[in-house]
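Below is one structure, written out as structure tokens; comments come after it.
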Amino acid sequence: MSGYVVAIDGPAAAGKGTLAKRLAAALGLPYLDTGLLYRAVGRRVLDHDADPRDAVVAAAEAEALGADDLARTDLRGPQADFAASAVAAIPAVRAALIAFQRRFGAERGAVLDGRDIGTVIFPEAQVKLFVTASAEERARRRFLELRARGIQADPDQVLAEIRDRDAQDANRPVAPLRPAEDAVTIDTTMLDADAAFAEAMAIVRDRLGESVP
Ligand code: DC
């Protein structure tokens with residue numbers, strides 16, 4: 001592998017995506033939002049009017065996933081969130097998506113964000129960050145994000161959905177959401193995007209020293 005891998009895991013709406021994109025740009029590495037893979041599988045299952053918890057259908061859709069699926073514009077929102085979390089609990093779906101993620105990171109290094117990047121996909125990643133924030137703060141951010149996209153939401157319901165998804169992602173038997181033993185945790189509850197980025201860059205420099213641009 002020519003570059004290095006920065007693995008960023010953490011719960012929904014903790015600021016992983018924003019941070020990962022900025023780190024990738026600063027480090028000159030490609031970026032992969034692995035949540036999109038699960039979202040796209042969930043969408044394909046919904047397209048067939050099937051239940052995202054149906055392991056046989058979901059595994060077949062994961063095998064059939066193509067580049068066009070990742071470019072869809074309907075991968076966000078409560079229905080897509082739920083479907084993604086449901087298919088992500090199915091071992092055969094996760095297995096079908098491993099090779100693509102590893103290939104992506106192995107070509108020239110990458111920043112990847114998700115739930116199991118540091119624990120399963122790249123256990124040997126040179127830098128592992130676990131990005132988190134309180135459920136209330138994550139719900140507040142998600143609510144503002146939905147509003148900015150013109151979607152009406154009830155703040156209490158957004159918080160309930162965040163909690164449900166946390167429980168589903170953390171309690172599944174396969175690749176549950178948890179920090180890798182050698183991950184450094186960044187709690188963004190009290191940090192804005194600039195402060196989170198500064199903290200992450202300090203950790204990357206500490207791990208990689210001279211090789212960081
Ligand atoms: O990061 P996100 O909210 O877009 O992820 C959508 C769902 O996919 C989330 O409920 C958990 C799941 N997921 C996962 O299990 N493993 C990953 N590497 C990325 C996402």
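The residues of the chain are indexed from 1 along the displayed sequence. Ligands are counted one by one from 1 in listed order, and the atoms in each one are counted from 1 as well.
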Are any of the N/O atoms on Asp116, whether in the backbone or the side chain, positioned under 3.5 angstrom from an N/O atom of ligand 1? yes
Do Thr189 and Glu137 meet the criterion of a side-chain donor-acceptor pair at a distance under 3.5 Å? no
Surrounding CD of Gln79 (heavy atoms of other residues, nucleotides or ligands, distance under 6.0 Å), is the total greater than 12? no
Between Asp169 and ligand 1, does any nitrogen or oxygen pair lie at a separation below 3.5 Å? yes
Protein heavy atom at shortest distance from atom 8 (O) of ligand 1: Tyr38 CB, 3.5 Å
Atom CG in Asp51, atom CG in Leu46: separation rounded to 0.5 Å? 9.0 Å
Closer than 3.5 angstrom, by distance alone: can the side chain of Lys128 be matched with the main-chain N or O of Asp182 as a donor-acceptor pair? no
Could you tell me whether Arg142 approaches ligand 1 through its side chain, its backbone, both or neither, with non-hydrogen atoms closer than 4.0 Å? neither
Specify the protein heavy atom at minimum distance from atom 7 (C) of ligand 1: its residue, its atom name, and the distance to 0.1 Å. Ala84 CB, 3.7 Å
Quick one: which ligand 1 atoms are inside 4.0 Å of a heavy atom on Arg165? 3 (O), 6 (C), 7 (C), 9 (C), 10 (O)
Of the protein's non-hydrogen atoms, which lies at the shortest distance from atom 12 (C) of ligand 1, and what is that distance? Ala88 CB, 3.6 Å
Please evaluate residues Thr119 and Asp9 with respect to the criterion side chain to side chain donor-acceptor pair (under 3.5 Å), reporting the C-alpha separation (whole Å), side-chain torsions for both, the decisive distance (0.1 Å), and the verdict. CA-CA 9 Å; Thr119 51; Asp9 291 306; 5.2 Å; no
When you measure from the side chain of Arg44 to the backbone of Leu65, do you find a donor-acceptor pair of N or O atoms at a distance under 3.5 Å? no
List ligand 1 atoms under 4.0 Å from Ser85, heavy atoms only on the residue side. 10 (O)
Which residue and heavy atom of the protein sit nearest atom 4 (O) of ligand 1, plus the separation: Arg39 NE, 2.7 Å
State the atoms of ligand 1, each with its element, that fall below the 4.0 Å cut-off from a heavy-atom position in Thr34. 17 (C), 18 (N), 19 (C)
Between ligand 1 and Gln168, can you find any atom pair, the residue atom being a heavy atom, that is separated by under 4.0 Å? no
Between Glu61 and His48, is any pair of side-chain heavy atoms under 4.5 Å apart? yes
Protein heavy atom at shortest distance from atom 1 (O) of ligand 1: Arg115 NH1, 2.8 Å
Any ion pair linking Arg94 and Asp116 (charged N to carboxylate O, less than 4.0 Å)? yes
I need the nearest protein heavy-atom contact for atom 16 (N) of ligand 1: residue, atom name and distance, please. Arg94 NH2, 3.0 Å
For Asp169, is there any backbone N or O sitting under 3.5 Å from a side-chain donor or acceptor partner on Arg115? no
